[in-house]
Amino acid sequence: MTKYIIQIFLSIIFLAISTIASWYEGSEILEDHWEWENTAHISHMFNGEVTNTNDISQLDYFVYSAKIKPTFPFIMIISLLYLIILIGKIVLRNYKHFNIFLTILGCLLLLPCLFLFNSPTTGGKVFTLTFGLTGLMCLLFSLGFYLKKLKD
């Protein structure tokens, strides 16, 4: 159990640091007025038209960071996925339930690929690959676990 606690602790540390760094990098949206129309989607939903910096939501910082500088958002997503899978492994000790969990997670990770597939930005391409590869990995591990269980 100690190895799981250390892994959870490290993934939470990575998640926290990358979240703070993403939020900081995304705050550049306040200076990029030309990006408000294409990037401040959350602000548009809640405030309508964005006319000044006070109208921009803090969540749009993450959208901007993921779109323009995807390094820290990438680390954030990977550490969050690792944390989710690790908690799933701890909670779902039954082989069959963990296998179903991985299958559902893999399918859910493939969904964002549909929305980001034609993205012209670097961040869109990075996240299409990230979600696609992690989704396929979850499905392949699930298939591998299933086939291993059939042999036993």
Side-chain angles (χ1 to χ4, degrees), residues 1-92 98-145:
M1 190 64 177
T2 305
K3 65 180 180 179
Y4 291 129
I5 292 171
I6 292 170
Q7 290 179 49
I8 288 173
F9 179 72
L10 288 174
S11 63
I12 288 173
I13 294 294
F14 272 98
L15 180 62
I17 290 171
S18 60
T19 300
I20 291 168
S22 296
W23 179 71
Y24 175 75
E25 284 186 340
S27 68
E28 290 180 13
I29 192 172
L30 299 175
E31 299 169 5
D32 291 343
H33 301 285
W34 56 89
E35 283 290 334
W36 290 358
E37 185 66 32
N38 298 322
T39 306
H41 301 297
I42 297 168
S43 299
H44 287 294
M45 282 192 318
F46 292 118
N47 299 333
E49 188 177 346
V50 177
T51 56
N52 61 29
T53 58
N54 294 333
D55 294 338
I56 295 179
S57 169
Q58 299 283 318
L59 294 175
D60 282 324
Y61 291 8
F62 294 105
V63 174
Y64 180 82
S65 180
K67 182 178 176 183
I68 305 299
K69 298 179 179 182
T71 303
F72 286 112
F74 170 78
I75 295 169
M76 195 169 93
I77 294 295
I78 294 299
S79 59
L80 180 65
L81 286 174
Y82 186 78
L83 185 64
I84 290 170
I85 291 171
L86 188 61
I87 290 172
K89 184 171 175 28
I90 293 169
V91 172
L92 304 170
F98 183 66
N99 199 16
I100 292 170
F101 170 74
L102 278 181
T103 304
I104 292 170
L105 182 63
C107 292
L108 289 175
L109 287 170
L110 290 175
L111 285 177
C113 292
L114 299 174
F115 299 108
L116 298 172
F117 185 71
N118 290 325
S119 177
T121 65
T122 305
K125 293 174 185 173
V126 165
F127 284 107
T128 299
L129 282 173
T130 301
F131 288 124
L133 289 176
T134 54
L136 287 175
M137 284 174 51
C138 285
L139 291 174
L140 288 175
F141 278 120
S142 175
L143 180 64
F145 291 150

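All values derive from a computational prediction rather than experimental measurement. Side-chain atoms are counted along with the backbone in the values below, which use heavy atoms only and exclude waters and symmetry mates.
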Answer whether the closest heavy-atom distance between the side chains of Ser65 and Pro70 falls below 4.5 Å.
no
Check whether any side-chain heavy atom of Met76 sits under 4.5 Å from a side-chain heavy atom of Phe62, and report yes or no.
yes
Minimal heavy-atom distance between Phe101 and Gly88, with the atoms involved, is CE2-CA, 3.9 Å
Going from OG1 on Thr39 to CD on Glu28, what distance comes out if it is rounded to the nearest 0.5 angstrom?
12.0 Å
Compare all side-chain heavy atoms of Phe115 with those of Thr128 and state whether any distance is below 4.5 angstrom.
no
Where do Gly106 and Cys138 come nearest, in terms of heavy atoms and distance?
CA-CB, 3.7 Å
Do Ile42 and Phe46 have side-chain heavy atoms sitting under 4.5 Å apart?
yes
Decide yes or no for Ile90 and Phe98: does some side-chain heavy atom of the first lie under 4.5 Å from some side-chain heavy atom of the second?
no
Is it true that the side chains of Glu25 and Tyr61 contain a donor and an acceptor less than 3.5 Å apart?
no
Answer yes or no: is there a side-chain heavy-atom contact under 4.5 Å between Phe127 and Pro112?
no
Which distance, rounded to the nearest 0.5 Å, do you find between the CG of Leu136 and the CG of Leu140?
6.0 Å
Approximate separation, where rounding is to 0.5 Å, of Leu109 CG and Thr134 OG1
4.5 Å
Straight-line distance of Thr130 OG1 to Ile77 CD1, nearest 0.5 Å:
8.0 Å
Pairwise salt bridge (charged side-chain N to carboxylate O under 4.0 Å, His left out) hits with a residue in residues 34-49, at least two apart:
Glu35-Lys67
Just verifying a value: how many Å separate Ile68 CD1 and Asp32 CG, rounded to the nearest 0.5 Å?
7.5 Å
Side chains of Ser43 and Asp60: is there a donor and an acceptor less than 3.5 Å apart?
yes
When every non-hydrogen atom of Ser18 is compared with those of Phe72, the smallest separation belongs to CB-O, 3.5 Å
Check whether any side-chain N or O of Ser142 sits under 3.5 Å from a backbone N or O of Asn99 as a donor-acceptor pair, and report yes or no.
yes
Any donor-acceptor N/O pair, Trp36 side chain to Ile29 backbone, under 3.5 Å:
yes
Would you compute the distance between atom CD1 of Ile78 and atom CG of Leu80 and round it to the nearest 0.5 angstrom?
9.5 Å
Between Asn52 (side chain only) and Asn54 (backbone N and O only), is there a donor and an acceptor less than 3.5 Å apart?
yes
Which heavy atom of Ser22 sits nearest to which heavy atom of Pro73, and what is that distance?
OG-N, 3.2 Å
Output every pair passing side-chain hydrogen bond (donor to acceptor under 3.5 Å, both in side chains) with a member in residues 108-125, not counting sequence neighbours, ordered by first then second residue.
Ser119-Thr121
When you compare the side chain of Leu110 with that of Leu139, does any pair of heavy atoms fall below 4.5 Å?
yes
